[in-house]
Amino acid sequence: MKIFDVSFTGEFIVKASGDQPEKVNSLTLSNLDLLSGRFPVTYFYFYPKQPNVSFQTIFKSLQASLSETLNYFHPFAGQIVTNEASQEEPIIICNNNGALLLEARASVDLKSLDFHNLDALLQSKLVRVNPDFSLQIQATEFECGGLAMTFTFDHALGDASSFGKFLTLWSEISRNQPLSFVPDHRRNLLRARSPPRYDPHLDKTFIKCSEEDIKNIPMPKTLIKRLYHIDASSIDMLQVLATVNRESRTKIEAFSAYVWKKMVDSIESGHKTCKMGWLVDGRGRLETVTSSYIGNVLSVAVGEATIENLKQNHVSEIANIVHKSITEVTNDTHFTDLIDWIESHRPGLMLARMVLGQEGPALVLSSGRRFPVAELDFGFGAPFLGTVCSTVEKIGVGYLNQRPSACNDGSWSVSAIVWPELAEAFESDSVFQPMSAKHLQRQT
């Protein structure tokens, strides 16, 4: 696909519409926020043309509903700056600086897009990043009358669960629906114990770092960004393969085992082991936070296996390693220890060692099975595709992000930031299908 032209027709700063407190509040990041890496996260949503509704009408409606939504998400309209008390840690100033809303027009039809090549979509200016705003939204109209919406968040604002909550509330306000939850911004709920104490094993998984370390992550290979469709039948097949002796494995565990085995085909000789990681949400595990908590509550489960074992073992045996690795961190004790580990290493930012590229070949999987996709209707219909990617240039691991398909038939869309050999390995059979218009034809 050639890079298409996007012209910007409007740029608006949208502020919260409600009364603002006289005193500007600052929000100190929680310990788990310091583990986010400050990577920008972008969610892509594509919508078909709606009859009898103009793009201008849609855009004005989005402006008004965003302004109202920010009344419930003051940090998202704030600025992230260096904390004067600790030069190594950022802080959120809730000053109603506003969110940046961009209006744009693309020179092509939606059906001509190469949905597989996320690099091309990023390079075609569907996403523009302005460091003065921690939340940026771009609405792009296409020649056919359809539109793309991209939402870019600074990871210090929160994690996928937080961003999903924001988008859900915005869509409810857009459609004049009752609000399904009230966001909880109390980041002091994630306080460390006094004195802090933790399992020393955490030293092997996490490391203190600086923004400079993150910006200069070593890149032995160029990473490419791709989008795949996974049929429901393939997911079910993998789950059957991963289940032995009536020990059932989740769809994500089964898929992970398959992916890990595939990784072996893309790793250069000389490596004896490789690692896989899984982002784990602490909501429902940490006793101090609820599902409405806004902020980062993520840890990373890490599994390691020898190349030899991954080659020889059955998918079910690899799924056992996956299950054991994830189970070790899905509990209150792990998250409480992690909060204390970070407290013991402050001030500064923290990151999983594998994400800094210090652990050899590694791949991290994020599951977004609860993330809103088909539900994200802003009053002009449901999307035919919703996925996630990042404009980040340097990262020390491969990433896979799983989302349910917008058609709600059990299939998935999986976005990938991977080295070219791994993409080739994925595409060598029928499980990973390069995303194309034919996978989306029921909605386009």
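Computed from a prediction, not measured in an experiment: that's the story for all the values here. All heavy atoms count here, side chains included; hydrogens, waters and symmetry mates do not.
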Please step through side-chain contact (heavy atoms from CB on, under 4.5 Å) for the pair R249 and V322, ending with a clear verdict. CA-CA 9 Å; R249 293 289 173 242; V322 174; over 6 Å; no
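- N96 places a side-chain N or O within donor-acceptor distance of the main-chain N or O of A16, the cut-off being under 3.5 Å.
- Ring centroids of H185 and F73 are separated by less than 6.0 Å, placing the two rings close together.
- Remark: D337 engages R193 in a salt bridge, criterion side-chain N to carboxylate O under 4.0 Å.
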Working for side-chain contact (heavy atoms from CB on, under 4.5 Å), residues H323 and N320: CA-CA 5 Å; H323 176 77; N320 290 339; 5.6 Å; no
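- Side-chain atoms of S413 do not come within 3.5 Å of backbone N or O of S405 as any donor-acceptor pair.
- Here the shortest heavy-atom pairing between V364 and M354 reads CG2-CE, 4.1 Å.
- Closest heavy-atom contact between S30 and D33: N-OD2, 2.8 Å.
- Taking the six-membered ring for Trp, F181 and Y293 have ring centres at least 6.0 Å apart.
- Residues F153 and S134 have side chains not in contact (no heavy-atom distance under 4.5 Å, counting atoms from C-beta outward).
- Annotation: R370, atom CZ; neighbour count of heavy atoms from other residues, nucleotides and ligands within 6.0 Å does not exceed 12.
- In terms of heavy-atom proximity, R226 sits nearest to N117 at NH1-OD1, 3.1 Å.
- Remark: aromatic rings of F166 and Y72 are distant, center separation not under 6.0 Å.
- Applying the side chain to side chain donor-acceptor pair (under 3.5 Å) definition to pairs two or more places apart or across chains, none involves residues 371-394.
- In this structure a side-chain-to-backbone donor-acceptor pair under 3.5 Å is missing from E68 to S65.
- Counting only distance, with no hydrogens or angles, the side chain of K311 and the backbone of V264 share no donor-acceptor pair below 3.5 Å.
- Side-chain atoms of T150 come within 3.5 Å of backbone atoms of L126 as a donor-acceptor pair (strictly under, hydrogens ignored).
- A distance-only check finds a donor-acceptor pair linking the side chain of Q50 to the backbone of F380 [under 3.5 Å].
- Side-chain N/O atoms of Q138 and T140 include a donor and acceptor closer than 3.5 Å.
- Looking at R197 and E343, no side-chain N of the basic residue comes within less than 4.0 Å of a carboxylate O on the acidic one, giving no salt bridge.
- Taking the six-membered ring for Trp and the full ring otherwise, the centers of W412 and F255 sit less than 6.0 Å from each other.
- Taking each heavy atom of I307 and H271 in turn, the nearest pair found is CG1-O, 3.3 Å.
- Annotation: Y228 is in aromatic contact with H116 [ring centroid separation under 6.0 Å].
- Note that OG of S292 is 10.0 Å distant from CG of L169, once rounded to the nearest 0.5 Å.
- Rounding to the nearest 0.5 Å places CG of L27 at 7.5 Å from CD1 of I91.
- Between the side chains of W341 and D203, a donor-acceptor pair is found at a separation under 3.5 Å.
- Taking the centre of each ring, F12 and F59 come in below the 6.0 Å mark.
- Residues Y47 and F384 keep their aromatic ring centres 6.0 Å or farther apart.
- The backbone N or O of S233 sits nowhere less than 3.5 Å from a side-chain atom of D231 that would complete a donor-acceptor pair.
- A distance-only check finds no donor-acceptor pair linking the side chain of N296 to the backbone of L298 [under 3.5 Å].
- Within a 6.0 Å radius of CG in L179, more than 12 heavy atoms belonging to other residues, nucleotides or ligands are found.
- Because its NZ or CZ atom is not both nearer than 6.0 Å to the ring centre of F335 and within 45° of the ring axis, R285 does not count as a cation-pi partner of that residue.
- Between the side chains of T152 and T42, at least one donor N or O lies within less than 3.5 Å of an accepting N or O.
- A donor-acceptor pair is defined here as one N or O able to donate and one able to accept, closer than 3.5 Å; such a pair exists between the side chain of Q177 and the backbone of R175.
- Within a 6.0 Å radius of NZ in K251, other residues, nucleotides and ligands contribute 12 heavy atoms or fewer.
- A salt bridge does not link E308 with K272: every distance from a Lys NZ or Arg NE/NH1/NH2 to an Asp or Glu carboxylate oxygen is 4.0 Å or more.
- Using a 4.0 Å cut-off between charged nitrogen and carboxylate oxygen, R353 and E359 do not count as a salt-bridge pair.
- The distance from the CD1 atom of I267 to the CH2 atom of W419 is 6.0 Å, given to the nearest 0.5 Å.
- Ion pairing of R283 with D159 is present here, as a side-chain N (NZ or NE/NH1/NH2) and a carboxylate O approach within less than 4.0 Å.
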Mind running ring pair (Phe, Tyr, Trp, His ring centres under 6.0 Å) on F371 and F163 for me, showing each step along the way? CA-CA 9 Å; F371 201 88; F163 303 147; 8.3 Å; no
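- Atom CD1 of I252 and atom CG of L238 lie 11.0 Å apart (nearest 0.5 Å).
- Annotation: cation-pi pair K125/F8 absent, no NZ/CZ under 6.0 Å from the ring centroid and within 45° of its normal.
- Contact record, L227 with F115: CB-O, 3.3 Å, taken as the closest heavy-atom pair.
- In this structure, F151 and W170 have perpendicular ring planes: the angle between them is above 60°, well past the 30° mark.
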Let me see the working for L338 and L35 under side-chain contact (heavy atoms from CB on, under 4.5 Å), right down to the final yes or no. CA-CA 10 Å; L338 179 56; L35 193 62; 3.8 Å; yes
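- Of all non-hydrogen atoms in L376 and P383, the two that sit nearest each other are O-CD, 3.5 Å.
- Here the side chain of N97 pairs no donor or acceptor atom with the backbone of G78 at under 3.5 angstrom.
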